[in-house]
Visitor: 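First the structure, then my questions, so here it is.
Nothing fancy with the numbering, it's 1 onward along the sequence. What you see is a predicted model, and the numbers here were worked out from it, not measured in a lab.
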Amino acid sequence: MTRVIYDEAGFVFADEYIGMLPALRQKKAQRYVFDADRRLCIGSYLLLRKMCAEIGADISGHEIMTGRYGKPYLPDFPAIEFSLTHCRNCIGCSVSKHSIGIDAEEIIHLNPDIVHGIFTSSEIKAIEASKSPEDEMTRIWTVKEAVGKCSGKGLLSDAIIITASGSHIISRKAFGKIWVSVCSKAPEKIEVIAGSFIR
C-alpha cells in the first residue's frame, strides 16, 4: 500500500500535532529550523501511523529507529516494512509485509555535472534521448532512490546502478510536477491524494 499526499498550500500542523509523536520524533521535528521541514517530518509520521492503523497496527507512541545504512524500522512491529519520503508540500508512505522503498521528487533541473556524476552511461543516453530530459532524469533518480531504500543500503552500493532483480518497480508522475517511484518485493499501487490530510 503506497499513498502520496500533496497540498499546494502546504501542510498546516499546529503545536498540538507534535504531542501526537513519540519523544524522539518530537525532538527531530523541533530541531528543524524551517516550519516547512518540521511540518513534513510531523506529517510523514502521522501518515505512517494512519496507514498502519488501516492494517490493524496501532503504532501510536512507538519510535522509528534506523538501521546501519539509515533504513527506518519500527522495533516493536518487526513484521511491518515501510518507507517514507517527502519533498515540498508532499509526503509519501509505503507500508508492506515485504522490503519496500519510495521516493518522490519535484522535477530536477538538468545540471551536466550531476548527470555525469551519478548516472550510468545507459541512463545518460535515455535522458538525452527523452522528449523531456528533466522528466526522465527525475524519474530515473527516484527509481534509484526507491531501489536503494528497498535494499536498505541507500545509494551506497550496487543500487546506484539500478539492479532490482526479483523486485517490482513502478513510477508515475503526479500533479504534473512530482515523480514518485516505488520498489517492492510485491506488486504495488500508488494512491495519490491532492490537498487532503486526515490525522
Visitor: For residues Phe175 and Ile107: do they belong to one hydrophobic cluster (side chain heavy atoms under 4.5 Å, members Ile, Leu, Val, Met, Phe, Trp, Tyr)?
Guide: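 Different clusters.
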Visitor: Apply side chain to side chain contact (heavy atoms under 4.5 Å, CB included) to the pair Glu188 and Ile100, showing each step before the final yes or no.
Guide: CA-CA 10 Å; Glu188 276 287 318; Ile100 196 161; 3.7 Å; yes
Visitor: Who are the salt bridge (Lys or Arg N to Asp or Glu O under 4.0 Å) partners of Glu136, not counting sequence neighbours?
Guide: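 With neighbours one apart ignored, the set is Arg139.
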Visitor: Transitively linked via ILVMFWY side-chain contacts under 4.5 Å: Met20 with Tyr32?
Guide: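 No, separate clusters.
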Visitor: Any chance you could measure Asn89, atom CG, to Ile5, atom CD1, to the nearest 0.5 Å?
Guide: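 Interatomic distance, Asn89 CG to Ile5 CD1, rounded to 0.5 Å: 12.5 Å.
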Visitor: Where do Thr142 and Val180 come nearest, in terms of heavy atoms and distance?
Guide: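 Result for this residue pair: OG1-C, 4.5 Å.
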Visitor: Below 4.0 angstrom, N of the basic side chain to O of the carboxylate: do Glu81 and Lys97 qualify?
Guide: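 Looking at Lys97 together with Glu81, the answer is no, because their closest N to O distance does not fall below 4.0 Å.
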Visitor: To the nearest 0.5 angstrom, please state how far the NZ atom of Lys50 sits from the CG atom of Leu47.
Guide: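 The CG atom of Leu47 is 8.5 Å from NZ of Lys50, to the nearest 0.5 Å.
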Visitor: If you compare all heavy atoms of Ala104 against all heavy atoms of Ile178, which two are closest, and at what distance to 0.1 Å?
Guide: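 Distance-wise, the nearest heavy atoms are CB-CG2, 4.1 Å.
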Visitor: How is the hydrophobic cluster of Tyr73 composed, in terms of its other members, when Ile, Leu, Val, Met, Phe, Trp and Tyr link through side-chain heavy atoms under 4.5 Å apart, directly or indirectly?
Guide: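 Direct or chained contacts put Tyr73 with Leu24, Met65.
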Visitor: Under the side chain to side chain contact (heavy atoms under 4.5 Å, CB included) criterion, do Arg49 and Ser60 qualify, and how do the steps go?
Guide: CA-CA 7 Å; Arg49 193 179 83 166; Ser60 302; 3.5 Å; yes
Visitor: Any heavy-atom pair between the side chains of Ile42 and Arg39 that's under 4.5 Å?
Guide: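 Side-chain contact under 4.5 Å: no.
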Visitor: Taking C-beta and beyond as the side chain, do Ile193 and Val4 meet within less than 4.5 Å on heavy atoms?
Guide: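 No - every pair of side-chain heavy atoms lies 4.5 Å or more apart.
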Visitor: Answer yes or no: is there a side-chain heavy-atom contact under 4.5 Å between Ile59 and Leu48?
Guide: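 Yes, close enough: below the 4.5 Å cut-off.
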Visitor: So which atom in Ser96 and which in Ser184 form the shortest heavy-atom distance, rounded to 0.1 Å?
Guide: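 Residues Ser96 and Ser184, closest heavy atoms: OG-OG, 4.4 Å.
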Visitor: Can you sort out the partners of Glu128 under salt bridge (Lys or Arg N to Asp or Glu O under 4.0 Å), two or more places apart, ordered by chain and number?
Guide: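 Applying salt bridge (Lys or Arg N to Asp or Glu O under 4.0 Å) to Glu128 gives none.
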Visitor: Test of understanding: clusters of I, L, V, M, F, W, Y form through side-chain heavy atoms closer than 4.5 Å, transitively. Do Trp179 and Ile124 belong to the same one?
Guide: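 No, no single cluster joins them.
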Visitor: Would Leu84 end up clustered with Tyr45 when hydrophobic side chains under 4.5 Å apart are linked, directly or stepwise?
Guide: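 Same cluster: Leu84 reaches Tyr45 through Ile, Leu, Val, Met, Phe, Trp or Tyr contacts under 4.5 Å.
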Visitor: Apply side-chain hydrogen bond (donor to acceptor under 3.5 Å, both in side chains) to Thr138 and list each qualifying residue two or more places apart in sequence or on a separate chain.
Guide: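 Thr138 satisfies side-chain hydrogen bond (donor to acceptor under 3.5 Å, both in side chains) with no residue once adjacent residues are dropped.
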Visitor: For the residue pair Met1 and Met51, establish whether any side-chain heavy-atom pair is separated by less than 4.5 Å.
Guide: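 Yes, side chains in contact.
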Visitor: Are Arg3 and Glu191 within salt-bridge range, i.e. N to O under 4.0 Å?
Guide: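 A salt bridge is present here (some side-chain N lies under 4.0 Å from a carboxylate O).
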Visitor: Sorted by first residue and then second, give each side-chain hydrogen bond (donor to acceptor under 3.5 Å, both in side chains) pair with at least one member in residues 21-31; sequence neighbours left out.
Guide: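 side-chain hydrogen bond (donor to acceptor under 3.5 Å, both in side chains) check on residues 21-31 returns Arg25-Ser44.
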Visitor: Could you pull out the closest heavy-atom pair between Ala186 and His98, with the gap in Å?
Guide: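 Between these two residues, the closest heavy atoms are CB-CD2, 3.6 Å.
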Visitor: Do Ser83 side-chain atoms and Ser94 backbone N/O form a donor-acceptor pair below 3.5 Å?
Guide: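 No; judged by distance alone, with no hydrogens or angles, the pair does not exist.
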Visitor: Do the non-hydrogen side-chain atoms of Tyr6 and Val192 ever get within less than 4.5 Å of each other?
Guide: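 Side-chain contact under 4.5 Å: no.
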Visitor: Going by an N to O cut-off under 4.0 Å, is there a salt bridge joining Lys149 and Glu145?
Guide: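 No, Lys149 and Glu145 are not salt-bridged.
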Visitor: Side chains of Val33 and Asp37, heavy atoms from C-beta outward: is any pair under 4.5 Å?
Guide: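 Counting from C-beta outward, Val33 and Asp37 never come under 4.5 Å.
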Visitor: Under the criterion side chain to side chain contact (heavy atoms under 4.5 Å, CB included), I'd like the reasoning laid out for Ile102 against Ser181: C-alpha separation, chi angles, the key distance, then a yes or no.
Guide: CA-CA 6 Å; Ile102 181 176; Ser181 292; over 6 Å; no
Visitor: Do the non-hydrogen side-chain atoms of Ile91 and Thr85 ever get within less than 4.5 Å of each other?
Guide: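 When only atoms from C-beta onward are counted, Thr85 and Ile91 do not touch, as no gap falls below 4.5 Å.
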Visitor: Measure across Cys150 and Lys185 and return the closest heavy-atom pair with its distance rounded to 0.1 Å.
Guide: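 Heavy atoms only, the tightest pair is SG-CE, 4.5 Å.
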Visitor: What's the separation between atom CD1 in Ile190 and atom OG in Ser171, rounded to the nearest 0.5 Å?
Guide: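 One gets 7.0 Å once the value is rounded to the nearest 0.5 Å.
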Visitor: Indicate the atoms forming the closest heavy-atom contact of Val95 with Cys93, along with that distance.
Guide: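 So the two residues come closest at CG2-SG, 3.8 Å.
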Visitor: Just jot down the salt bridge (Lys or Arg N to Asp or Glu O under 4.0 Å) partners of Asp135, sequence neighbours excluded, or say none.
Guide: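 Asp135: salt bridge (Lys or Arg N to Asp or Glu O under 4.0 Å) contacts with Lys173.
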Visitor: Please tell me if the side chains of Arg88 and Glu106 come closer than 4.5 Å, counting only heavy atoms from C-beta onward.
Guide: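 Side chain of Arg88 against side chain of Glu106, heavy atoms only: contact under 4.5 Å found.
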Visitor: Under 4.5 Å between side-chain heavy atoms, counting indirect links through other Ile/Leu/Val/Met/Phe/Trp/Tyr residues: same cluster for Trp141 and Ile127 or not?
Guide: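 Yes; tracing contacts between hydrophobic side chains, which count when under 4.5 Å, links both residues.
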Visitor: Indicate whether the side chain of Ser132 and that of Ser130 have a donor and an acceptor atom separated by less than 3.5 Å.
Guide: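 No donor-acceptor contact under 3.5 Å links the two side chains.
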